[in-house]
Amino acid sequence: MAAPIWLWAFSVSLALIPSAFGNSEGDALYTLRKSLVDPDNVLHSWDPNLVNPCTWFHVTCNQDSRVTRVDLGNSNLSGHLVPELGKLEHLQESVCSFPFNLCPLLPLAELYKNNIQGTIPVELGNLNSLISLDLYNNISGTIPRSLGKLKHLVFLRLNDNKLTGPIPRELGGVSSLKVVDVSNNDLCGPIPTSGPFEHIPLNNFEKNPRLEGPELLGLASYDTNCS
């Protein structure tokens, strides 16, 4: 006997509803959740069995159901970032600060003031829409050269971490950069002076005892013995 028409329609509607596991952005965010320690349970709604990540707390999507904002600032999280974050190709970040409901119309991704450790994934260079990258936690390793591909980046705040190595020369090609703060790390080598770095104040580089001062264009090699 043929199934009732309402049952057929219901089955079709279920098939059209994407699950988080069938959504690459949902998969990426759930992978992030698994990499984090969440003592305050702020990520309790990040359930891959729900419709898609647009229904999760602290996640905002655009009209096309693409993730544009993730607000996890000041959430007592620890753990590390994951390469899968590079799949959030529509992710942006604004200068709006926590809590996010003070500026609900602005795309935002906040991970500041937690205890995030580990390195900055090179895959963040795939976030073509990113406007601001704020990671002042407990990050170590080097600043990835891939961040030089972020041609819409305006704000880069990596201060108060444990970063080592040079400031990537590739960042000098990001003409949109207005703010760069890498103070209070263990960076080394010269400070770039080309492109957007021409207007970055020197105090945004302070408390890096191994930085050698501004690069002297044409008079000194940028690539020094720095690791």
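Just so it is clear, the model here is predicted, and its values are computed rather than measured.
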- Message: Donor-acceptor pair, distance only, cut-off 3.5 Å: does the side chain of Asn159 make one with the backbone of Asn184?
- Response: no
- For His80 and Gly118, work out which heavy atoms get closest and say how close. CB-CA, 4.5 Å
- Give a yes or no on whether a salt bridge exists between Asp134 and Arg157, defined as a side-chain N under 4.0 angstrom from a carboxylate O. yes
- Which atoms form the tightest heavy-atom contact between Pro144 and Ile120, and what is the distance? CG-O, 3.4 Å
- Item | Minimum side-chain heavy-atom gap Val70-Leu91 below 4.5 Å | yes
- Query: Would you call Asp186-Arg210 a salt bridge at under 4.0 Å N-O?
  - Reply: yes
- Message: Using only atom types and a distance under 3.5 Å, with no angle test, would you say the side chain of Asn52 pairs donor to acceptor with the backbone of Cys54?
- Response: yes
- Query: Rounded to the nearest 0.5 Å, how far does CZ of Phe155 lie from CG of Asp181?
  - Reply: 12.5 Å
- Message: What verdict does the side-chain contact (heavy atoms from CB on, under 4.5 Å) test give for Val67 and Asn62, after you've listed the backbone C-alpha separation in whole Å, the side-chain angles of each residue and the deciding distance to 0.1 Å?
- Response: CA-CA 7 Å; Val67 175; Asn62 60 19; over 6 Å; no
- Dump the intermediate steps for side-chain contact (heavy atoms from CB on, under 4.5 Å) on Ile143 and Leu158, then the final yes or no. CA-CA 9 Å; Ile143 301 174; Leu158 302 176; 4.0 Å; yes
- Query: Between Ser176 and Leu153, is there a donor-acceptor pair closer than 3.5 Å when you use the side chain of the first and the backbone of the second?
  - Reply: yes
- Message: For the CD atom of Glu198 and the CD1 atom of Ile200, what is their distance to the nearest 0.5 Å?
- Response: 10.5 Å
- Criterion side-chain contact (heavy atoms from CB on, under 4.5 Å) against Ile116, the qualifying member of Leu72, Leu36, Asn161, Leu135: Leu36
- Message: Quick one, Ile139 and Lys162 - any side-chain contact, counting heavy atoms below 4.5 Å?
- Response: no
- Indicate yes or no for a side-chain donor-acceptor contact from Asn185 to the backbone of Ser183 under 3.5 Å, with no hydrogens or angles considered. yes
- Contact check, side chains of Val180 and Leu171, non-hydrogen atoms, under 4.5 Å: no
- Query: Would you say Leu29 and Leu88 make side-chain contact, with heavy atoms under 4.5 Å?
  - Reply: yes
- Message: Using every non-hydrogen atom in the two residues, find where Leu43 and Asp38 come nearest and quote the distance to one decimal.
- Response: N-OD2, 2.9 Å
- Quick check: does any side chain N or O of Asn115 sit under 3.5 Å from a backbone N or O of Ser78, one acting as donor and the other as acceptor? no
- Looking only at non-hydrogen atoms, find the nearest pair between Pro48 and Tyr30 and report the distance. CD-CE1, 3.4 Å
- Between atom CH2 of Trp46 and atom NE2 of His58, what is the distance when rounded to the nearest 0.5 Å? 8.0 Å
- Query: Charged N to carboxylate O below 4.0 Å: is that the case for Lys87 and Glu25?
  - Reply: no
- Item | Sidechain-backbone polar pair: His199 side chain, Lys178 backbone, donor-acceptor under 3.5 Å | no
- Does Asn208 use its side chain to pair, donor to acceptor, with the backbone of Val182 at less than 3.5 Å? yes
- Message: What I'd like to find out is whether the side chain of Thr164 reaches to under 4.5 Å of the side chain of Thr142, using heavy atoms alone.
- Response: yes
- Query: Mind checking whether Asn23 and Asp27 have side chains closer than 4.5 Å, heavy atoms only?
  - Reply: no
- Message: Let me confirm one number: the OG1-CG distance from Thr119 to Leu163, rounded to the nearest 0.5 Å.
- Response: 9.5 Å
- Check Cys226 against Gly165 and note the closest heavy-atom contact, atom names and distance. SG-C, 3.6 Å
- Is a side-chain N or O of Arg169 found less than 3.5 angstrom from the main chain of Pro192, in a donor-acceptor match? no
- Heavy atoms of other groups near Lys151 NZ, more than 12 under 6.0 Å: yes
- Query: Which atoms form the tightest heavy-atom contact between Phe197 and Gly172, and what is the distance?
  - Reply: CE1-N, 3.8 Å
- Message: Please enumerate all residues that pass ring pair (Phe, Tyr, Trp, His ring centres under 6.0 Å) together with His44, with sequence neighbours excluded.
- Response: Phe57
- What is the distance from atom CG of Leu147 to atom CD1 of Ile167, rounded to the nearest 0.5 Å? 12.5 Å
- Message: Using modelled atom types and a 3.5 Å cut-off, is there a donor and acceptor pairing between side-chain atoms of Ser146 and backbone atoms of Val122?
- Response: yes
- Can any side-chain N or O of Asp40 pair as donor or acceptor with the backbone N or O of Val42 at less than 3.5 Å? no
- Item | Point-to-point distance, once rounded to the nearest 0.5 Å, from NZ of Lys149 to CG of Leu124 | 10.5 Å
